[in-house]
Amino acid sequence: MTTQETVLVMNEELSDPQWFTLQTLSNQEYKVKAGIETIKKEHGLDDIILEILVPSEEIAEIKNGKKYKRVRKFYPGYVFIHMRMYDKNGEILQTPWQLVRNANGVVRFVGNNNPIPLQPDEIGGILDRIHASEGKSVPKVAYEIGDTVRINDGPFLNLTGQIEAIDSEAGKLRVQVSMFGRLTPVDLEFWQVKHVEPGNS
């Protein structure tokens with residue numbers, strides 16, 4: 001977009017910004033986001049493109065007795081963009097629309113040539129999910145009260161016990177283990193234990 005084209009866009013009577021969904025090539029979500037951020041900067045579209053989201057959460061995993069973290073995307077193959085798509089007459093702003101849909105890695109807007117905005121409750125649910133996951137590592141393995149587990153880290157290494165309480169948000173368990181002939185509660189993180197299969201305790 002030339003400077004003259006940008007001025008023309010900015011002088012139009014614009015509709016309010018809405019959230020739209022972009023379908024992307026596999027595993028290209030973050031590249032698409034970065035590419036659109038570059039387009040936004042290069043073409044002076046700060047008032048047209050407001051935000052680009054790749055909703056995700058951090059997952060804690062255990063491999064070979066070690067704790068690893070990775071990012072899991074909530075909606076693989078999709079990116080969400082907050083932008084002014086239409087003018088006051090409901091006509092698409094052609095230049096911004098084409099710049100975004102032709103960005104590297106973008107397959108299409110959901111709605112193709114008539115991009116469909118997300119409903120407030122739809123984007124609200126997505127934003128709530130992002131907010132709920134911020135600063136937290138969600139454990140990959142799910143546990144239930146009564147499960148038998150073996151401790152694989154810390155001073156209680158190799159002791160087995162039963163889960164008596166679970167704090168999923170904090171990723172912690174309370175496990176009853178037998179020490180010195182009596183049951184003792186031990187607080188552990190999810191990654192510090194592993195399930196014991198029946199007959200292997």
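Note on Ile52 and Ile130: separate hydrophobic clusters, where clusters join Ile, Leu, Val, Met, Phe, Trp and Tyr whose side-chain heavy atoms are under 4.5 Å apart, directly or indirectly. Hydrophobic clustering places Ile81 together with Ile92 (ILVMFWY residues linked when any side-chain heavy atoms are closer than 4.5 Å, directly or through intermediates). Cluster membership for Leu127 and Phe80, using ILVMFWY side-chain heavy atoms within less than 4.5 angstrom, is shared. The hydrophobic cluster containing Leu118 does not contain Met83, counting ILVMFWY residues as joined when their side-chain heavy atoms lie under 4.5 angstrom apart, directly or transitively.
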Stepwise side chain to side chain contact (heavy atoms under 4.5 Å, CB included) test for Ile166 and Phe190: CA-CA 9 Å; Ile166 300 172; Phe190 278 18; 3.8 Å; yes
Verdict with supporting geometry, Met85 and Phe20, side chain to side chain contact (heavy atoms under 4.5 Å, CB included): CA-CA 9 Å; Met85 181 69 70; Phe20 297 89; 3.4 Å; yes
Check against side chain to side chain contact (heavy atoms under 4.5 Å, CB included), Val193 and Asn152: CA-CA 5 Å; Val193 305; Asn152 56 27; 5.6 Å; no
Check against side chain to side chain donor-acceptor pair (under 3.5 Å), Gln162 and Gln176: CA-CA 5 Å; Gln162 283 194 322; Gln176 285 278 8; over 6 Å; no
Full working for side chain to side chain contact (heavy atoms under 4.5 Å, CB included) between Leu159 and Val186: CA-CA 11 Å; Leu159 290 179; Val186 178; over 6 Å; no
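The heavy-atom pair separating Val106 from Arg101 by the smallest distance is CG1-O, 3.5 Å. When all heavy atoms of Val54 and Lys73 are compared, the pair lying nearest together is CG1-CD, 3.9 Å. The minimum heavy-atom distance linking Arg150 with Val196 is given by the pair N-CG2, 3.4 Å. When every heavy atom of Tyr86 is checked against every heavy atom of Pro115, the shortest pair comes out as OH-O, 2.8 Å.
For the pair Glu122 (side chain) and Gln119 (backbone), a donor-acceptor distance under 3.5 Å is present. With hydrogens and angles ignored, the 3.5 Å screen pairs a side-chain donor or acceptor of Lys40 with a backbone N or O of Ile49. Side-chain N or O atoms of Asp147 include one that pairs as donor or acceptor with a backbone N or O of Glu144 at under 3.5 Å. Distance alone, capped at 3.5 Å, places no donor-acceptor pair between the Glu57 side chain and the Arg72 backbone.
Rounding to the nearest 0.5 angstrom, the gap separating the CD atom in Glu164 from the CD1 atom in Ile145 is 8.5 Å. Here the OG1 atom belonging to Thr21 is positioned 9.5 Å from the CZ atom belonging to Arg108, to the nearest 0.5 angstrom.
Here Asp167 does not pair with Lys172 in a salt bridge; the nearest charged N to carboxylate O distance is not below 4.0 Å. A salt bridge does not link Arg70 to Glu58: none of the charged nitrogens lies less than 4.0 Å from a carboxylate oxygen.
Side-chain contact between Ile151 and Thr160 is absent, with no heavy-atom pair separated by less than 4.5 Å.
Between His195 and Tyr143, the ring center distance clears the sub-6.0 Å criterion.
Around the CG atom of Asn104, the shell of radius 6.0 Å holds no more than 12 heavy atoms that belong to other residues, nucleotides or ligands.
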